[in-house]
Amino acid sequence: MTTDSFYAALPKVREFGDLSDPSVFAPLPGDWHLCCTDIVNSTGLVKAGRYKTVNMVGAAVIAAMRNALEGEAFPYVFGGDGASFAVPPRHQATAQRVLGSLRSWTEAEYGISLRAAVLPAAAIRAEGLDVQVARYAVSEHADFAMFSGGGLAWAEAQMKSGAFAVAPAPQAAPPDLAGLSCRWSNTPARHGIILSVVAQPAPGAGPQAFARLAAEVLDLAAELEDNGHPVPKAGPKLRFPPAGLTLEAQASRGRAPLVLRKLALFFHSALAGLIFVTKRRVGSFDPVHYLSMLRAHSDFRKFDDGLKMTLDCTPAIRDRIRQHLQQAAEAGLAQFGLHEQDAAMVTCIVPSPVEDDHIHFVDGAAGGYTQAAANLAAAFGSGKKTA
């Protein structure tokens with residue numbers, strides 16, 4: 001196996017609970033590069049009611065790289081107010097170019113400052129940390145990368161300090177964000193609370209100890225209906241006009257006038273809404289099948305140097321999760337942050353509506369992972385996400 005084929009050759013884990021076992025993760029090759037992004041003052045943007053925009057920018061990082069690599073599989077993770085990914089040496093220049101373009105584009109299009117950094121895996125290991133990756137298959141057609149080892153958190157801290165920074169590229173062409181969409185309405189909690197959970201190993205905690213804790217928290221979440229999946233079986237609602245229509249128009253217009261792109265999406269959304277309401281197949285597009293795949297391909301649970309979850313949660317299970325994590329924190333095993341809201345939101349990457357390779361990023365609709373991580377930082381004086 002060459003290092004280029006590292007991710008393609010990783011065995012796919014079929015059960016999410018198995019990811020709590022450190023042995024299913026493999027070390028990122030030493031010649032690969034880790035790339036990370038983060039929105040400046042994301043907590044302030046959330047308080048200003050711009051969390052849908054924050055999620056859109058975070059997902060844009062992944063959409064732009066997927067398009068730049070023309071569908072080649074690579075490990076990435078969505079973090080709410082940013083995203084991280086890894087690439088082999090032959091794609092380092094592409095990653096630098098895409099991230100430079102994104103930094104300029106987010107500032108010009110949304111008035112949002114995006115941090116970005118690219119650093120070698122070897123620099124992380126020189127600090128006594130690691131980047132390990134697993135590949136979780138949600139179906140035969142889609143999978144998500146999971147990260148562990150502490151290296152990703154260190155890389156993000158380096159990025160925030162200005163190290164390994166990728167400079168903006170104001171003269172670059174807009175990033176190719178084809179397929180990026182955020183038209184779905186927020187999904188209200190069905191069991192009381194949408195609970196955002198961010199838990200990570202405490203400094204000095206061993207991987208096996210945190211793995212046991214993660215398995216115990218997952219067991220608590222398993223007591224919820226459908227493991228706490230926040231997207232209902234019927235899929236999210238699509239109201240007209242969609243709440244994210246302007247955001248999607250900004251992401252997909254390229255150099256075209258914004259008003260023309262908004263008009264095109266307005267009519268396209270009207271047609272799509274009619275199809276989903278009637279649930280009738282149109283050509284090769286089956287709306288019922290699409291919604292079932294949307295739910296299956298939603299990343300409401302992930303390992304990202306810790307455990308992150310967006311759960312449709314009862315107050316009783318919330319209390320038990322908090323108590324369990326608090327006991328782990330007092331034992332020096334973990335640090336954690338929770339955040340409650342009344343709805344979840346979905347941001348989508350859909351290369352083709354008639355294929356089954358579309359993926360969907362789930363977060364809380366009022367702060368989500370950003371606020372949970374800020375709560376972690378406030379409580380423990382650390383954490384990956386700070387404004």
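Atom set for the values below is all heavy atoms of this structure, side chains included, hydrogens, waters and symmetry mates excluded.
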Which residues share a side chain to side chain contact (heavy atoms under 4.5 Å, CB included) with Ala365, sequence neighbours left out:
Asn186, Ala343, Met345
Assess the residue pair Asp356 and His289 against the criterion (side chain to side chain donor-acceptor pair (under 3.5 Å)); give the C-alpha distance rounded to whole Å, side-chain angles, the decisive distance to 0.1 Å, and a yes or no.
CA-CA 9 Å; Asp356 284 345; His289 176 74; 3.0 Å; yes
According to a 4.5 Å side-chain heavy-atom criterion applied to Ile, Leu, Val, Met, Phe, Trp and Tyr, with indirect links allowed, do Val98 and Met159 form part of one hydrophobic cluster?
no
Should side-chain heavy atoms under 4.5 Å link Ile, Leu, Val, Met, Phe, Trp and Tyr, which residues sit in the same cluster as Leu260?
Val259
For Trp32, which of Phe74, Phe6, Tyr7, Phe85 qualifies under ring-ring contact (aromatic ring centres under 6.0 Å, His included)?
Phe6
Under the side-chain hydrogen bond (donor to acceptor under 3.5 Å, both in side chains) test, which residues partner [X], sequence neighbours left out?
X: Ser23; answer: Asp21
X: Glu72; answer: Arg90, His91
X: Gln341; answer: Ser196

Any side-chain donor-acceptor pair under 3.5 Å between Thr43 and Gln371?
no
Under 3.5 Å, is there a donor-acceptor pair between the Arg115 and Thr37 side chains?
no
Donor-acceptor contacts under 3.5 Å from residues 11-18 side chains, at least two apart:
from, atom 1, to, atom 2, distance (Å)
Arg14, NH1, Glu140, OE2, 3.4

Any salt bridge (charged side-chain N to carboxylate O under 4.0 Å, His left out) involving [range]? Give me the pairs, sequence neighbours left out, ordered by first then second residue.
range: residues 242-251; result: Arg183-Glu248
range: residues 266-292; result: Arg281-Asp286
range: residues 122-132; result: Arg125-Asp130
range: residues 54-68; result: none

Could you give all pairs that pass the side chain to side chain donor-acceptor pair (under 3.5 Å) test and reach residues 309-318, with sequence neighbours left out?
Arg190-Asp312, His191-Asp312, Thr310-Tyr369, Arg318-Glu340
For [Y], is there any backbone N or O sitting under 3.5 Å from a side-chain donor or acceptor partner on [X]?
X: Ser104; Y: Ala169; answer: yes
X: Gln335; Y: Gln200; answer: no
X: His339; Y: Ala366; answer: yes
X: Asp176; Y: Ala178; answer: yes

Let me see the working for Met309 and Val217 under side chain to side chain contact (heavy atoms under 4.5 Å, CB included), right down to the final yes or no.
CA-CA 10 Å; Met309 298 188 291; Val217 174; 3.5 Å; yes
For side chain to side chain contact (heavy atoms under 4.5 Å, CB included), just list the numbers for Phe210 and Ser20, CA-CA rounded to whole Å, side-chain angles, deciding distance to a tenth of an Å, and then say yes or no.
CA-CA 8 Å; Phe210 185 80; Ser20 63; over 6 Å; no
Step by step, would you call Ser139 with His297 a side chain to side chain donor-acceptor pair (under 3.5 Å)?
CA-CA 7 Å; Ser139 79; His297 294 180; 2.7 Å; yes
Listed pairs under 3.5 Å, donor-acceptor, residues 45-53 side chains, sequence neighbours left out:
from, atom 1, to, atom 2, distance (Å)
Arg50, NH2, Tyr110, O, 2.9
Tyr51, OH, Asp363, OD2, 2.5
Tyr51, OH, Gly367, O, 3.2
Tyr51, OH, Thr370, OG1, 3.3
Lys52, NZ, Cys182, O, 3.3
Lys52, NZ, Trp184, O, 3.4

Any side-chain heavy atom of Leu294 sitting closer than 4.5 Å to one from Pro236?
yes
What class does the angle between the rings of Phe361 and Phe78 fall in, given that below 30° is parallel, 30 to 60° is tilted and above 60° is perpendicular?
parallel
Tyr290 vs His358 aromatic rings, parallel, tilted or perpendicular, using cut-offs 30° and 60°?
parallel
